[in-house]
Amino acid sequence: MLSFCRDSAWKYLQSTHLGGDRTYSHYTSRDFSSQFGLEDFLCTDDIPGTDEDTDSAVLFGTLRGNVVGLRYYTGVVNNNEMVALQREPNNLYDKNAVKVNNVNGNQVGHIKKELAAPLAYIMDNKLAIVEGVVPYGAKNAFTMPVQMSFWGKEENKQTVLDKLKMHGFKLAPPSKSNWVSGRAGPSYSAPGHAAVQMTTEQLKSEFDKLFEDLKEDDKTHEMEGAEAVGTPLLPHQKQALAWMVSRENSKELPLFWEEKNSFYYNTLTNFAEKERPETVLGGILADDMGLVTMCSALVNLNTELLLFFFFSVVFVISFQNKGLSVQSVKKNDSEEGPRTTLIICPLSVLSNWIDQFEQHIRPDVHLNIYVYYGPDRSKDPAFLSKQDIILTTYNILASDYGSRGDSVLHRLKWLRVVLDEGHTIRNPNAQQTKAALNLEAQRRWILTGTPIQNSLKDLWSLLSFLKLKPFTDREWWHRTIQRPVMLGEQGALRRLQALIKNITLRRTKTSKIKGKPVLELPERKIFIQHVTLTEEERKIYQSVKNEGKAAISRYFNEGTVLAHYADVLGVVLRLRQLCCHPHLCTNTSSSSESTPEELREKLVNKMKLILSSGSDEECAICLDSLNLPVITHCAHVFCKPCICEVIQSEQPNAKCPLCRNELRVEHLVECPPEESDSSIEKKGDREWISSSKINALMHALIDLRKQNPAVKCLIVSQFTTFLSLIETPLKESGFVFTRLNGSMAQKKRVQAIQSFQDSQTGSPTIMLLSLKAGGVGLNLTAASRVFLMDPAWNPAAEDQCFDRCHRLGQKQDVVITKFIVKNSVEENMLKIQKKKRELAAGAFAAKKLTVSEVKQTKINEIKSLIDL
DNA sequence: ACCGCCGGGTGCC
DNA sequence: ACCGCCGGGTGCC
């Protein structure tokens, strides 16, 4: 049965993404490659052995032990209730102490010391995860039994068994009845009622269906927009609105809770308490139309909701009351409780929210909207709590939260917190996630196009944010849902489905309302235009390629390819740059030993290369854009706060999350004060030359202008310096253009977007856009042509970029041109992309890969990239 | 009796 | 704890 774990469906579910673990040491080559934007190309499933992932755990066996000292603690349990075992190394009486807590986190007792001794060793060395259930005797006065399950990696099994044996304990071998079910006890997994395992296909298809259109009445019911909303709502918006309003007014017990003789029981953990578990007022809006329309639609929806609560009347009344006006607002002022909605979004979407509020709220309705952003942001709680809406970004939230967690945003209580692009918080260890989870709010919403990106694990932070008991604690989520689902238990999958259904609204591009598609968009066509390098360009390309090839061949011969990954990717990066323009490739070939100052400079250069390549500006720890980037001696770039936290928590022997090299705070090199403009100018000092790609682009642009001078274009590249180089011929040919970079200040961004979207003659017809400059929300519908100057590793990133103009509001067909250099790494990238797409879309029958096979795949991909 | 046995005091880690 | 364990009291039959 366990062999199931190793097949592909399991892999699919367990994902290649980072997920919830306690240590940083499981960061794998995937994150490593993400520094170079290769994350989706290399198919880097976690390499076993570097991964502390609990999902790869198997059940070693079970053991009956005793909980003692019950009379000293207030925590109570029920028979068959799950309990948590927690190490208490600072216990005065026994450094091996292991606490036993109930689901609510209240201490029930301790594990008897004889057993605690081996347990402490096992837990401290992370040899196994130990989980407990109290089978009976819950009402005992002094001691009670506890049935323990030991889960861990196969290779640790023997150590665990030996350690226990040394202390005279022996695990009962795993048997079906006690491992299949994630449930707490026999009352829920009666023998003979054992869970049915699903086939790979079933599991995959069930998982895909998790977020499919839900046909319940409460989700197809429509609701009219508030009077205060200036624009009429589309049917799917009305639906969503109705659903959201019903969620915010819900009086229902949360899922998996039952009321039983004046107690509230959790059916997953068998936990019971007198206090009613809080109803989750909110949920997840997971419209994948998001990529096209959802920003505007959701903002619209949220405006409604905000207004709805703002006016503090039942929605139905508010739209019946045609005379709704500012007076109603006043009424709210006297009421108790928080009145402010806090919206957190990526910086790239911030201006969209502002725009949308401006566009959709009737001008005579006054809302206090404050953008909590920038160095001068007000930190006056009195002022902030008077706002109706506060907009801020994840980075601001996280940096305010800092290490002490006492920011003004965290001191205030909110009427509502809305997380836009909610998957931003999928990494439980990220500072942004921690900061978001610690906000106090009455109502909580998550907007995301991708609720589960790759893994069930991604869901935990979201549920935790929603304060869905008992999942706020990762252990209960893992024990009751995540692991049982991974193990293919049908009951668990049903529970998960019920849960998702209960709290999410999802419509897809293909969703229909009353037989009509929710959304109709103009066509989108993609053309690939091949570019041939000039002889001179080809010479340079070939020489760099040969040099790189030689180095990589050497690594192959030495068998150290994976160890030299950074260098390999560096070669690939340089080749990609050379396809665009010879000046992009600033040679950073590493030479032998050097002085600390030289080393420092080299590191700074390397960091700048990574930052300016535009290919990826993510920190592998928080998975978000780099905040105060620093580079380690092993040449990996992280947010300073993120890496400092890692170093802090792993003291004294902190290791790089990416390569496990030794790390020290004093070795971190910071990015010197921004001189991006001057560095561009420096490059400008170099005499400008064109390139084949630029020629191809200019040719197309001039042609287009002849046909229709009003057509607007996006010129997209991952390399911001390339965009700078393109500026010169644009100016020469008299194009009016604007530009949007990831690094631009908010004000400038807004300006750039507004001027581009403007339809007046004389407004810019071209926008230079860095591939990842904008989040999902960025609205550039003025453009109907896109020129993608260089292929992205991640086809999804390309699609997301195209969707910035191919979205609601686009009236014309969108034509996309991808420039691809013939006989180059770019063509190989396309091939690999295609292969990957087919693999993802096709049958899910791909065989399980062994460690060596995974490595071989990677090596093959490197080979095919540089024609080895 | 450097034992056994009795029965009171006592009780997590 | 209606247990175990500890350590003091005690001691032929």
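All values reported here derive from a predicted model rather than from experimental measurement. Chain letters run A, B, ... following the sequence lines, proteins first and then strands; every chain starts at 1.
Separating the CD atom of E88(A) from the P atom of dC12(B) is a distance of 14 Å, rounded to the nearest angstrom. Distance CZ (R71(A)) to P (dG11(B)): 7 Å, rounded to an integer number of Å. The interatomic distance linking N66(A) (CG) with dC12(B) (P) rounds to 14 Å, in whole Å. Here the C1' atom of nucleotide dC13(B) and the CG atom of L70(A) are 12 Å apart, to the nearest Å. Taking atom CE of M144(A) as the reference point, atom P of dC13(B) lies 15 Å away to the nearest angstrom. Here dC13(B) presents its C1' atom at 13 Å from CG of L119(A), a figure rounded to the nearest Å.
Both tests do not hold together for K274(A) against Y264(A): distance to the six-membered ring centre under 6.0 Å, angle to the ring axis within 45°.
Nucleotides dA1(B) and dC6(B) have their C1' atoms positioned 15 Å apart, rounded to a whole Å. With P as the reference atom, dC3(B) and dG8(B) are 25 Å apart, rounded to whole Å. Between dC5(B) and dT10(C), the distance separating the two C1' atoms is 9 Å to the nearest Å. Annotation: dC2(B) and dC13(C) have their C1' atoms spaced 25 Å apart (nearest Å).
Q432(A) and N395(A) share a side-chain donor-acceptor pair at under 3.5 Å.
Put simply, the side chain of W460(A) reaches to within 4.5 Å of the side chain of P428(A), judged on heavy atoms. Side-chain contact between K434(A) and L437(A) is absent, with no heavy atoms from C-beta onward closer than 4.5 Å.
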Close N/O contacts between protein and nucleotides 3-5 of chain C (under 3.5 Å):
none

Which pairs would a plain distance check flag for residues 130-142 of chain A, meaning a side-chain donor or acceptor within less than 3.5 Å of a matching protein atom at least two apart in sequence or in another chain?
residue: E131(A); atom: OE1; partner: W151(A); partner atom: NE1; Å: 3.4
residue: E131(A); atom: OE1; partner: R479(A); partner atom: NE; Å: 3.2
residue: E131(A); atom: OE1; partner: R483(A); partner atom: NH2; Å: 2.6
residue: E131(A); atom: OE2; partner: R483(A); partner atom: NH1; Å: 3.2
residue: E131(A); atom: OE2; partner: R483(A); partner atom: NH2; Å: 3.3
residue: Y136(A); atom: OH; partner: R64(A); partner atom: NH1; Å: 3.3
residue: N140(A); atom: ND2; partner: G137(A); partner atom: O; Å: 3.4
residue: N140(A); atom: ND2; partner: T143(A); partner atom: O; Å: 2.9

Side chains of residues 68-75 of chain A: which donor-acceptor partners sit under 3.5 Å, not counting sequence neighbours?
residue: Y73(A); atom: OH; partner: H110(A); partner atom: ND1; Å: 3.4

Can you check side chain to side chain contact (heavy atoms under 4.5 Å, CB included) on V83(A) and V77(A), steps first, answer last?
CA-CA 8 Å; V83(A) 288; V77(A) 291; 3.6 Å; yes
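Across all strands shown, the partner of dG9(B) is dC5(C), judged by Watson-Crick or G-U wobble contacts whose two distances both fall under 3.5 Å.
Listed by residue number, Y93(A), D94(A), A97(A) are the residues of residues 92-109 of chain A with a heavy-atom contact under 4.0 Å to DNA chain B.
Contacts of F465(A) classified as ring-ring contact (aromatic ring centres under 6.0 Å, His included), with partners at least two apart in sequence or in another chain: none. In this view, H167(A) and A117(A), P118(A), K163(A), F169(A) satisfy the side chain to side chain contact (heavy atoms under 4.5 Å, CB included) rule, not counting sequence neighbours.
Using a 5.5 Å limit on the distance between ring centres and a 30° limit on the angle between planes, the aromatic ring of F142(A) does not count as stacked on the six-membered base ring of dG11(B).
Between dC13(B) and K113(A), a contact under 4.0 Å exists linking OP1 or OP2 to a side-chain N or O.
No N or O donor and acceptor, one from the side chain of Y72(A) and one from the base of dC13(B), sit under 3.5 Å apart.
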